[in-house]
Amino acid sequence: QVQLVESGGGLVQAGGSLRLSCTASGRTFSMYAVGWFRQVPGKEREFVAGISWSGSSTYYADSAKGRFTISRDNAKNTVYLQMNSLKPEDTAVYYCAADRFGGDYARPDEYDYWGQGTQVTVSS
C-alpha cells in the first residue's frame with residue numbers, strides 16, 4: 001500500500017514558478033514509477049510528466065516540455081514537479097500517481113495509487 005500526499009500548490013502570477021511535491025508513505029515507493037496529472041472541471045485528467053522508479057527516464061506532455069521538470073529523491077520518498085514560466089492555462093488541480101510497473105505513463109488507468117491533489121492557480 002502506498003499513500004501519496006501532494007503539496008506546494010497555490011496562487012502565482014503568469015510567468016512565475018511553483019514546485020510541487022509528492023510525498024509517499026511506504027518503504028517500496030522507490031520501486032514505483034510516478035506521474036503527475038492535472039484536471040480542470042469538466043475535462044479529463046491530463047498527463048503532465050512521468051518519471052521511472054530510478055529517475056533515469058522522464059517523460060513530458062508537449063505542454064510541459066521546456067517549462068516543467070520532474071525529479072525524485074527516493075531517500076525522501078518524494079517526487080517533485082518544478083514548474084516555471086507558468087501560464088493561466090496551467091491552472092488546474094495537480095495529482096501525483098504511482099505505478100508499480102511503469103507502463104504507459106500517459107494513461108491514468110495504468111496507475112495504482114493517487115494522491116488527493118493540490119490546486120494550482122495562475123493569474124494573468
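Index from 1, following the sequence. Reckoned from all heavy atoms, side chains included, excluding hydrogens, waters and symmetry mates.
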Given 3.5 Å as the limit, does a donor-acceptor pair link the side chain of [X] with the main chain of [Y], or not?
X: T91; Y: T121; answer: no
X: Q3; Y: S25; answer: no
X: Q13; Y: S124; answer: no
X: Y105; Y: V48; answer: no
X: E6; Y: C96; answer: yes
X: D73; Y: N77; answer: no
X: D99; Y: A33; answer: no

Side-chain touch F68/L81, heavy atoms, less than 4.5 angstrom: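 A side-chain contact under 4.5 Å exists here.
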
Validation row: Q82, L18 side chains within 4.5 angstrom (heavy atoms):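 No, too far: nothing below the 4.5 Å cut-off.
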
Inter-residue atom distance L11.CG - S123.OG, 0.5 Å rounding: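 That separation rounds to 5.0 Å.
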
D112 CG to Y32 OH distance, which is reported to the nearest 0.5 Å: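 If we round to the nearest 0.5 Å, D112:CG and Y32:OH are 6.0 Å apart.
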
Distance flag, aromatic centroids of W114 and F37, threshold under 6.0 Å: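 Yes, ring centres under 6.0 Å apart.
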
Audit row: E110, F101, side-chain contact (heavy atoms from CB on, under 4.5 Å) steps and yes/no: CA-CA 9 Å; E110 290 277 332; F101 297 105; over 6 Å; no

Test side-chain contact (heavy atoms from CB on, under 4.5 Å) applied to F29 and R72, step by step: CA-CA 11 Å; F29 180 66; R72 70 188 299 162; 3.7 Å; yes

CD/E89: more than 12 non-hydrogen atoms of other groups inside 6.0 Å: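 Result for CD/E89: enclosed.
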
Intermediate values then yes/no, side-chain contact (heavy atoms from CB on, under 4.5 Å), L20 and T118: CA-CA 8 Å; L20 305 184; T118 185; 4.1 Å; yes

Passing candidate, side chain to side chain donor-acceptor pair (under 3.5 Å) with Y94, options R38, Q119, Q39: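 Of the listed options, the one satisfying the test is R38.
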
D62 bridged to K65 by N-O distance under 4.0 Å: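 Salt bridge flag = yes for K65 with D62.
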
Intermediate values then yes/no, side-chain contact (heavy atoms from CB on, under 4.5 Å), V120 and M83: CA-CA 10 Å; V120 171; M83 305 188 295; 3.9 Å; yes

